[in-house]
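Side-chain atoms are counted along with the backbone in the values below, which use heavy atoms only and exclude waters and symmetry mates. Every value quoted in this text rests on a predicted model; they were computed, and no experiment measured them.
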Amino acid sequence: MKNFEHYKRGYYMPPVQSTNWVNKEYVDKAPMWCSVDLRDGNQALIVPMSLDEKVEFFKELVRVGFKEIEIGFPAASETEYVFCRKLIEENLIPDDVTIQVLTQAREHIIKKTFEAIQGAKNAVVHLYNSTSYAQRTQVFKKSKEEILKIATDGAKLLNDMAAEYGVNYQFEYSPESFTGTEIDYALEVCNAVIDIWKPTPDRKVIINLPATVEMSMPHVYASQIEYMSNNMHDRENIILSLHPHNDRGCGVADAEMGLLAGADRIEGTLFGNGERTGNVDIITLAMNMFTHGVDPELDLTDIPRITEIYERLTRMHVYERSPYTGKLVFAAFSGSHQDAIAKGMKCRETDPNQMWTVPYLPLNPEDIGRQYDGDVIRINSQSGKGGIAYILEQKYGLDLPAKMREDLGYTVKGVSDHQHKELSAEEIYDIFHNEYVNKKNPIEMVECHFKQVDGIQAEIKILVNGVEKIYHGQGNGRLDAVSNAIMKHFDISFSLVTYEEHALQVGSNSQACAYVGIDVEGVEGTIWGAGIHNDIIDASVWALISALNRTDKIHK
């Protein structure tokens, strides 16, 4: 590929090795979460949310359980300012929720920001300025000392404004483009800001280290975070925060490794929306914790609801394969996968509270509001007998014999392949019913009676091409007697190889389903039929006749 030589690593390793995080297996508790959907996420939308849409989104973030929500950049536009005032003046912010507002380290912007948050019970003022080598040399054309002064002047002004307004705001500082900043210089700037703000146990300072542009492999970011954490002033009074973007597709890995490296807090968005490739996806992070037995302390039990609200308000689309949230992430089309899932679910029936170990499913879809029907096992031309049988059993109570499942599987896959589409549960049932159940041509049962004389005697009244006939037969059981009656009057020879039956539902009006497999002389393979009737005896006879009608051996 041309021009690869125009690129080089734009990040900086710590001056000393910082890899203690490697020895940790996983986090043992959830971090502090801060949603930036209404600021970073909103500014990245093609059509930013309206005021009413932002209010609805804010309420959903509160419902999910976010205690810190960055609501915008109030000094950036009138809409942002009005939204902030609306939340405060209409008492839309719960007492246990802190709003966060972003401001550049510029005097008039800082003053406008404090005007916007007057009356807020809890607020974080998030100050930032860019510190990276590229921004210093290309955008601002300032020295390290000049960039440092921007940060410290901003920090001092925040102190002054907080004193003027008489409110003990919590402060946050971000060296924007941290990942492109020399690490020792980033540390120098952060420590200078910390020294001005003088954090205490009761008024901790948030230092946010953003991967504004993701530049390195995740282990490098983790090493950078660990070095900062180990060398930051007043570390015990610092909340170390991460704000990973996803330019290399590793935002989640950056965040997880950064937490191992000492971070306390994560800023991100639902579904990873944000500038360019987006922010870190908080839902994926939280669900990764959940599937490792760690309570994420967010309510994600109704992913379909969150998805609907997100897609409607942002006009964005959740990718079908997005972890945990996409419509297809639990779907199994492969026959072997479907069979393993079906068997795994069967094992859980003996102990529904056992640890979750179902093959191919990293978690129980029901834990996040998803359903097995339509979400897990889905049928197309690649599907197998196990998945098809599972859908029929779960949705319609049909428990087909093992060998019959294979026969039905080929039939269903043939339809899907011919039509070039996925089949719904209803379509699968229709195929089963039309192909196997209570088939009436060329022979149709009218009624059947039995007597127990030298075994079982059967009298079966049937219609043969519309003409009523009465046949008699004898055998060692009801189906054997009916079989002998039919073979005596038709030029056909067959043997009954499988018979199974079960109730479709419990209750006085319950129906029964019977399945019959027969080996017919001159026909390759077992021929299957099914009967559904209120009476189990009639259902079994219907199953036999249905199987016979599926051959070409009955004279028409």
Side-chain angles (χ1 to χ4, degrees), residues 327-328 330-343 345-346 371-445 497-505 511-520 523-533 538-554:
K327 290 182 179 179
L328 296 179
F330 298 113
F333 291 102
S334 161
S336 61
H337 288 205
Q338 291 174 347
D339 184 60
I341 291 171
K343 289 175 179 175
M345 294 301 298
K346 196 75 174 176
Q371 303 299 317
Y372 293 99
D373 174 30
D375 272 336
V376 179
I377 293 179
R378 298 174 61 163
I379 304 303
N380 64 13
S381 60
Q382 305 302 307
S383 303
K385 60 185 179 180
I388 294 167
Y390 182 79
I391 284 179
L392 290 176
E393 181 175 6
Q394 293 298 309
K395 193 168 181 66
Y396 301 103
L398 296 164
D399 187 10
L400 278 64
K403 292 294 185 181
M404 187 179 186
R405 295 177 185 183
E406 184 175 351
D407 191 78
L408 174 62
Y410 286 118
T411 302
V412 171
K413 289 199 293 182
V415 173
S416 176
D417 192 33
H418 178 72
Q419 298 182 2
H420 299 289
K421 72 169 192 173
E422 178 186 358
L423 299 177
S424 68
E426 290 76 14
E427 289 173 313
I428 294 166
Y429 178 80
D430 287 344
I431 293 170
F432 167 73
H433 197 276
N434 295 336
E435 183 67 26
Y436 295 92
V437 179
N438 294 6
K439 295 185 73 66
K440 299 179 179 179
N441 186 41
I443 62 177
E444 176 182 352
M445 185 184 77
V497 294
T498 300
Y499 171 74
E500 294 184 19
E501 64 183 45
H502 64 79
L504 283 179
Q505 53 186 345
Q511 287 187 308
C513 186
Y515 311 94
V516 164
I518 57 174
D519 282 351
V520 181
V523 177
E524 184 177 350
T526 299
I527 307 300
W528 293 93
I532 296 178
H533 198 276
D538 284 350
S540 63
V541 176
W542 266 116
L544 175 62
I545 290 176
S546 294
L548 291 168
N549 281 333
R550 296 186 66 239
T551 74
D552 59 0
K553 296 297 184 180
I554 297 293

Looking only at atom types and distance, does a side-chain atom of [X] sit under 3.5 Å from a main-chain N or O of [Y], one as donor and one as acceptor?
X      : Y      : answer
His533 : Trp542 : no
Ser416 : Glu422 : no
Asp407 : Ile527 : no
Lys439 : Asn434 : yes
Arg550 : Trp528 : yes

- In Leu548, Ile545, Leu544, the residue satisfying side chain to side chain contact (heavy atoms under 4.5 Å, CB included) with Val516 is Leu544

- Query: What's the spacing between Leu398 CG and Ile391 CD1 if we round to 0.5 Å?
  - Reply: 12.0 Å

- Task: Drop me the distance from Glu406's CD to Thr411's OG1, to the nearest 0.5 angstrom.
- Result: 11.0 Å

Could you tell me which non-hydrogen atom of [X] sits nearest to which non-hydrogen atom of [Y], and how far apart they are?
X      : Y      : value
Ile388 : Gly409 : CD1-CA, 3.6 Å
Tyr515 : Met404 : CD2-SD, 3.6 Å
Gln419 : Lys421 : OE1-CE, 3.0 Å
Gly397 : Leu504 : O-CD2, 3.4 Å
Ala514 : Ala543 : O-CB, 3.5 Å
Asn438 : Ser546 : N-OG, 3.0 Å

- Message: Is there a side chain to side chain contact (heavy atoms under 4.5 Å, CB included) between Glu393 and Met345? Walk through the geometry before answering.
- Response: CA-CA 12 Å; Glu393 181 175 6; Met345 294 301 298; over 6 Å; no

- Under the side-chain hydrogen bond (donor to acceptor under 3.5 Å, both in side chains) rule, collect the residues that match up with Lys403, sequence neighbours excluded. none

- Message: Is any side-chain heavy atom of Phe330 closer than 4.5 Å to one of Ile341?
- Response: no

- Task: Verify side chain to side chain contact (heavy atoms under 4.5 Å, CB included) between Lys343 and Tyr390, making sure each step is shown before the conclusion.
- Result: CA-CA 9 Å; Lys343 289 175 179 175; Tyr390 182 79; over 6 Å; no

- Would you check, one step at a time, whether the test side chain to side chain contact (heavy atoms under 4.5 Å, CB included) holds for Arg405 with Asp399? CA-CA 9 Å; Arg405 295 177 185 183; Asp399 187 10; 2.9 Å; yes

- Task: For Asp430, check salt bridge (Lys or Arg N to Asp or Glu O under 4.0 Å) against everything at least two apart and list the hits.
- Result: none

- side chain to side chain contact (heavy atoms under 4.5 Å, CB included) between Tyr436 and Leu408: does it pass, once the steps are laid out? CA-CA 9 Å; Tyr436 295 92; Leu408 174 62; 3.6 Å; yes

- Task: With sequence neighbours left out, write down each residue that passes side chain to side chain contact (heavy atoms under 4.5 Å, CB included) with His433, or none if nothing qualifies.
- Result: Tyr429, Val437

